[in-house]
Participant: 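Shown below is the structure under consideration.
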Amino acid sequence: MAREIAKAYDPQLIEGKWAEFWSKGDLFRADPAAPGEAFCIVIPPPNVTGSLHIGHMLDHTEIDILTRWHRMRGFNTLYLPGTDHAGISTQRVVVRQLAEQGINYRDLGREEFEKRVWKWKEESGGTIQRQMRQIGESCDWSREKFTLSPELSRVVREVFVRLFEENLIYRANRMMNWCPVCLTVLSDLEVLHEERAGSLWHVKYPVVGSSEFIVVATTRPETLFGDTAVAVNPEDERYIGLIGKKVKLPLTDREIPIIADAYVDKDFGTGALKITPAHDPNDFEVGKRHNLPAIDVLTDDGRMNSHAGAYAGLDRFAARKKAVADLEAQGLLEKIVAHTHAVGLCERSKTVVEPRISTQWFCAMKTLAEPALAAVERGEIQIIPENRRQEFLFWMRNIRDWTLSRQLWWGHRIPAWYCAENGHVTVARETPDVCGTCGSKNLKQDPDVLDTWFSSGLWPFSTLGWPDKTADFERYYPTSVLITGYDILFFWVARMAMLGIHFTGQVPFRAVYLHSLVRTGSGEKMSKSKGTGLDPVALNEQYGTDAMRFCLASMAAPGTDIVLSEDRLLGARSFANKIWNAARFLFVNLEKYEQTGAKLEQLAAPEIRAAAPFAAAGEIPLADKWLFARLAETIAAVNQAFDTYYFHEAAQQIYQFFWGDFCDWYIEWVKPDLQSANAERAEVAWKNLFAAFDAALRLLHPVMPFLTEELWHQLPQKAGAKSIALDTYPVAGERWKNRAALDEFAFLQDVIKSLREVRSQMKLDPKKKVQADFSSADAGLRASLAANLDAVLRLGILSGLNVTAERLEQPGGAVRSTARFDLRIAYSDVVDVTGESARIKKEIEGLAKAIQSKEKQLSNEVFRSRAPEKVIKEMEGTLTEQRVELQKLNDRLAQLGG
RNA sequence: GGGCGGUUAGCUCAGUUGGUUAGAGCACCUGCCUUACAAGCAGGGGGUCGCAGGUUCGAGCCCUGCACUGCCCACCA
């Protein structure tokens, strides 16, 4: 095997290489016949607006991390990537593109329009999938093609018809939210509310047959053309005499009645309310009670229609200005009061939505919600984190009926047909020949399509072949986990839960992990349409995908949102670079070692790595014992972290191990051994080093797939081994665990750090080796130091170390003491008595405080009786040590004359 | 108007059942281009954990109130 390890870490090069490899697609393609535990994951797809969105980068990073982790631990994982909800986005893009060419999409005709949308979907879908591979996404996308396929349409119709037959789907005339840009109704969930500063216009309506006026307050004066009454509270004494009279509607010739309705709040505005049943939900209700006509004054695209007389054709906001001006000119505008109120905005277009009356299809939700609610309450569906669970429960308990129909041209057509003669409705799985009621052959299908979330809500079982009993369905349903952002908890997660349980009798997934959203610095949700998004592809190119993934993972603490920062990305990139350079060290040094006739195969073959750690002269070197013990600790912590979706904790653990332990201590420690004249020692050092490095790569692989893949291929692997992703995850075996080695190594680190600290404080020339004395009553420590003298001398930059049990005489030099040992660097130039005294005083201060608080607690009988034994014992142990340290510090201070 | 979260070092954030002197990265200061790595190495300074009470032997963590901030939900003109 030709070893090639570039001089510098280059993410572009590595990522390009392996993205292509993974795109061949056989790494994670689930095979139901394969051994291993089934583990099924559902994720949302990238937004089909042309490129990858940062939010999806997070979705896919987390899911890809888990998938690789599962796969390496022997689970047979199946992704179900994608939902159907990209439909509206797709349509919106095409509508916009057409508009730029001056074409109204509705003029194209339905068929032509659908063709264009399909074309775009295929093009952008390809782009997205290519981008997903570039970011390390390794899943099988074949099921994503299911979106809007005839197979899915079949399932959608099946579900619709069944719900209709169960009387859960119905058609009704209601006040709806209408988006004048998207030209469709919206469900309540698709309307965002935003506080806006507006005005409350007080308009004088002349009372017919008198010179009086009744003043109404309104935020939307342009709707007065649709007024069919003025309402007052029946108990409002100001207006009691006016009830039943008529007013002349300004700007028109119409006269409308003054009615009494308890809905009117006497204390708001003027206490008189204009009633516009066609354009306000409350007015609609009032109108029904009083049999008032509803006059729609708007066109579909938000302009005034013929009911607005001279205003016809004006945009609604222009009409508002004109109405105000005209009223003012006629002396009918009493005053204008500043008023902030919530306006409803279309989630997609951000246009102010208009309440309008129309006939739509609805789904009754109570029946569907109850079992889903119960499943979450009983824990059959686990929602993480906990506060999202509460949100889910609250929403489900207060659920409202779901508006299913949309006046769009893209999506699954509603399987309902109307006969021309009587308007009978026929709902059917297949296109019917005759009306189910009157037998008419003159049928027309409902032009509307279903909310995309309707088909998305079927995803976990529709993709597995339902309603047929397929092998996939048997094996993978219910799925194991759904990972997505909490912003679609209600849109998607709740609907999947309800529909899944209703149609399969089982929960669609056992766990839902809701991750944070990536926000901008100012707290906004990152969004392409708002222009606040970061482009993950560009960031990947800039910092490297591995760095990006590591950064996202390390920031993905559950419960709080993520603000991506340049600092963190740079830190992650540095980490990638660090790993690369550690690998470079191994291979560059190996070349030297190979001159002795050694072969990589004999040092790092898989079966050799599996048998590590090795012993030299009958004993495993301390540093090696320590490293494998640390590795075992880290593996356990990382597994635990992934298991509970603590991605940030896993990232942190790996970072600490790789950089702090492996690079800073272990490699530095064993450097001389690697070229040792002692052949056995050198060989063992190499074997252990490669074994540890290999395990560390596998440990890291889920988070940084490209880098680890590249480096893994530099090591000897079994014949035919394709990818590190198909290797095993390291196991924290008993052989590696070693408490004693951890403690002993920590002691040596303590000594070395003390030496370095003293040197630094004394401002010694870094190359100047000095003599030091070590004193401890503990024979074990002295023995350990003697056994590891070479490393301590080298890393502490000493010319010699005198180890003794005697108490140190304290003439010159600098001293560092712990409870267990004293260290002195003999160096005549130490003169900074003031500085040294100050440092010691400060340390004494801190230590005294700590001792005091412990003494106080330990002398408290209540504490002794109530605190756990372990806490007391540990505290006593530390107290003893700290007292010794304090004594030593005081002695030292006295000696310095402080 | 309801609900949820945040407030910890100069900055960005960890801190998982309350338990010894609260951590990381970046930034900063000091010294080093020590042939894996200056995207680095060694050392260092820096926080009364938003404010005020309370519970507890013990609180960054639990309770109450307040302030600031963000998000979600909500048909009051």
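Numbers restart at 1 for each chain; the letters A, B, ... are given by sequence-line order, proteins then strands. No hydrogens, no waters, no symmetry mates; every other heavy atom, side chains included, goes into these values.
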Participant: Look at the side chain of A:Thr878 and the base of B:U20, then say whether one donor and one acceptor between them are separated by less than 3.5 Å.
Facilitator: yes

Participant: Determine the Euclidean distance between corresponding C1' atoms of B:U16 and B:C62; express it in Å to zero decimal places.
Facilitator: 16 Å

Participant: Which listed nucleotide (B:C73, B:C4, B:C57) is nearest to the side chain of A:Asn387?
Facilitator: B:C4

Participant: Looking at A:Glu566 and A:Arg573, is there a salt bridge between them, counting it only when a charged N and a carboxylate O are closer than 4.0 Å?
Facilitator: no

Participant: Between atom CG in A:Asn177 and atom P in B:C75, what is the gap in whole Å?
Facilitator: 9 Å

Participant: Just call it for A:Pro868: base, sugar-phosphate, or nothing, with non-hydrogen atoms closer than 4.0 Å on any strand.
Facilitator: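 Base, at least one base heavy atom under 4.0 Å.
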
Participant: Do the side-chain N or O atoms of A:Trp659 get closer than 4.0 angstrom to the phosphate oxygens (OP1, OP2) of B:C41?
Facilitator: yes

Participant: At under 4.0 Å, does any side-chain N or O of A:Arg400 touch on OP1 or OP2 of B:C75?
Facilitator: yes

Participant: Looking at B:U20, I'd like to know if its phosphate oxygens (OP1 or OP2) sit under 4.0 Å from a side-chain N or O belonging to A:Ser853.
Facilitator: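 The answer is no; no side-chain N or O of A:Ser853 sits under 4.0 Å from OP1 or OP2.
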
Participant: Give the dot-bracket line for RNA chain B from 5' end to 3' end: parentheses for intra-strand Watson-Crick or G-U pairs under 3.5 Å, square brackets for crossings, | for inter-strand pairing, dots for unpaired.
Facilitator: (((((((..((((.....[...)))).(((((.......))))).....(((((..]....))))))))))))....

Participant: Would you tell me if any nitrogen or oxygen in the side chain of A:Lys854 comes within less than 4.0 Å of OP1 or OP2 on B:G58?
Facilitator: no

Participant: Would you indicate, yes or no, if B:G46 has its OP1 or OP2 atom less than 4.0 angstrom from a side-chain nitrogen or oxygen of A:Lys842?
Facilitator: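 So the side-chain polar atoms of A:Lys842 do come within 4.0 Å of the phosphate oxygens OP1 or OP2 of B:G46, strictly under.
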
Participant: If we take the C1' atom in both B:A14 and B:C26, what is their distance in whole Å?
Facilitator: 14 Å

Participant: Nearest to the A:Glu874 side chain among B:U12, B:U20, B:C75, which nucleotide is it?
Facilitator: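 Between B:U12, B:U20, B:C75, the one nearest the side chain of A:Glu874 would be B:U20.
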
Participant: Looking at the side chain of A:Lys767, which of B:C33, B:A77, B:U20 is the nearest nucleotide?
Facilitator: B:C33

Participant: Nearest-Å distance, CG (A:Leu707) to C1' (B:A36)?
Facilitator: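 Between C1' of B:A36 and CG of A:Leu707: 14 Å.
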
Participant: I'd like the C1' distance from B:U7 over to B:C11, given in whole Å.
Facilitator: 15 Å

Participant: Test the A:Arg756-A:Trp665 pair against the cation-pi criterion, namely NZ or CZ under 6.0 angstrom from the six-membered ring centroid and within 45° of the ring axis.
Facilitator: yes

Participant: B:G43, B:A39, B:U16: which one has an atom nearest the side-chain heavy atoms of A:Glu649?
Facilitator: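 Nearest to the side-chain atoms of A:Glu649, counting from C-beta on, is B:U16.
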
Participant: Would you check if the side chain of A:Arg759 reaches a backbone N or O of A:Asp765 as a donor-acceptor pair within less than 3.5 Å?
Facilitator: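 Flag set: sc A:Arg759 to bb A:Asp765 pair under 3.5 Å.
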
Participant: Send over the distance from A:Phe647 CZ to B:C13 C1', rounded to a whole Å.
Facilitator: 18 Å

Participant: Looking only at atom P, what distance separates B:U55 and B:C63, rounded to whole Å?
Facilitator: 15 Å

Participant: With a 4.0 Å limit, can you tell me whether A:His648 has a side-chain N or O closer than that to the phosphate oxygens OP1/OP2 of B:G15?
Facilitator: yes

Participant: Choose from B:U21, B:A39, B:U56 the nucleotide whose nearest atom is closest to any side-chain atom of A:Arg573.
Facilitator: B:A39

Participant: How close or far is atom P of B:A27 from atom CD of A:Glu566, stated in whole angstroms?
Facilitator: 11 Å

Participant: Using the C1' atom as the reference point in each nucleotide, state the distance between B:A36 and B:G40 in Å, no decimals.
Facilitator: 10 Å

Participant: Salt bridge check, A:Lys753 against A:Glu757: does any charged N sit closer than 4.0 Å to a carboxylate O?
Facilitator: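 Looking at A:Lys753 together with A:Glu757, the answer is no, because their closest N to O distance does not fall below 4.0 Å.
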
Participant: Please determine if A:Asp236 and A:Arg238 form a salt bridge, counting it only when a charged side-chain N lies under 4.0 Å from a carboxylate O.
Facilitator: yes

Participant: B:U34 and B:A42: how far apart are their P atoms, nearest whole angstrom?
Facilitator: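 Their P atoms lie roughly 15 Å apart.
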
Participant: Just by modelled atom types, is the A:Phe585 backbone N or O under 3.5 Å from a matching donor or acceptor in the A:Asn589 side chain?
Facilitator: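 At least one qualifying donor-acceptor pair exists.
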
Participant: Between B:A39 atom C1' and A:Asn577 atom CG, what is the distance in whole Å?
Facilitator: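 Taking CG of A:Asn577 and C1' of B:A39, I get 5 Å after rounding.
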
Participant: If you check every side-chain atom of A:Ser760, which of B:G43, B:C76, B:G40 has the closest atom?
Facilitator: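 Selected nucleotide: B:G43.
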
Participant: Do any side-chain nitrogens or oxygens of A:Lys763 fall under 4.0 Å of OP1 or OP2 in B:C32?
Facilitator: no

Participant: Can you figure out which of B:G25, B:A77, B:C37 approaches the side chain of A:Glu668 most closely?
Facilitator: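 Of the options given, the side chain of A:Glu668 lies nearest B:C37.
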
Participant: Nearest heavy atom decides the nucleotide; on that basis, is A:Met555 or A:Ala582 closer to the 5' end of RNA chain B?
Facilitator: A:Met555

Participant: Using the side-chain heavy atoms of A:Leu847, tell me which of these nucleotides is nearest: B:A42, B:U21, B:G40.
Facilitator: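 When the side chain of A:Leu847 is considered, B:U21 is the closest of B:A42, B:U21, B:G40.
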
Participant: Mind checking A:Lys753 for me? I need base, sugar-phosphate or nothing, with any heavy atom below 4.0 Å counting as a touch.
Facilitator: sugar-phosphate

Participant: Salt bridge check: are A:Glu845 and A:Lys842 linked by an N-O gap of less than 4.0 Å?
Facilitator: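 Salt bridge: no.
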
Participant: Quote, to the nearest angstrom, the C1' distance that separates B:U30 from B:U64.
Facilitator: 48 Å

Participant: Enter the distance from A:Glu885:CD to A:Thr880:OG1 here, rounded to the nearest 0.5 Å.
Facilitator: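 Going from CD on A:Glu885 over to OG1 on A:Thr880, the span is 11.5 Å.
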
Participant: Return the nearest nucleotide to the side chain of A:Gln652; candidates are B:C57, B:A24, B:A77.
Facilitator: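 The closest nucleotide is B:A24.
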
Participant: Hey, do the aromatic rings of A:His279 and A:Phe225 have their centres closer than 6.0 Å?
Facilitator: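 A:His279 vs A:Phe225: aromatic centres not under 6.0 Å.
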
Participant: Roughly how many Å apart are B:G23 and B:G46, using the C1' atom of each and rounding to a whole number?
Facilitator: 14 Å

Participant: Under 4.0 Å between any heavy atoms, over every strand shown, what does A:Gln857 touch: base, sugar-phosphate, or nothing? Just pick one.
Facilitator: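 Counting heavy atoms under 4.0 Å across all strands, the contact made by A:Gln857 includes a base.
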
Participant: As a test of reading the structure: which of B:C76, B:C32, B:A36 is closest to the side chain of A:Tyr263, going by heavy atoms?
Facilitator: B:C76

Participant: Specify the residue among A:Tyr9 and A:Ile752 whose closest nucleotide of RNA chain B lies further upstream toward the 5′ end.
Facilitator: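 The answer here is A:Tyr9.
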
Participant: Donor-acceptor check, side chain of A:Ser199 to backbone of A:Trp201, threshold 3.5 angstrom: yes or no?
Facilitator: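 Checking the backbone N and O of A:Trp201 against the side chain of A:Ser199, no donor-acceptor pair under 3.5 Å is found.
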
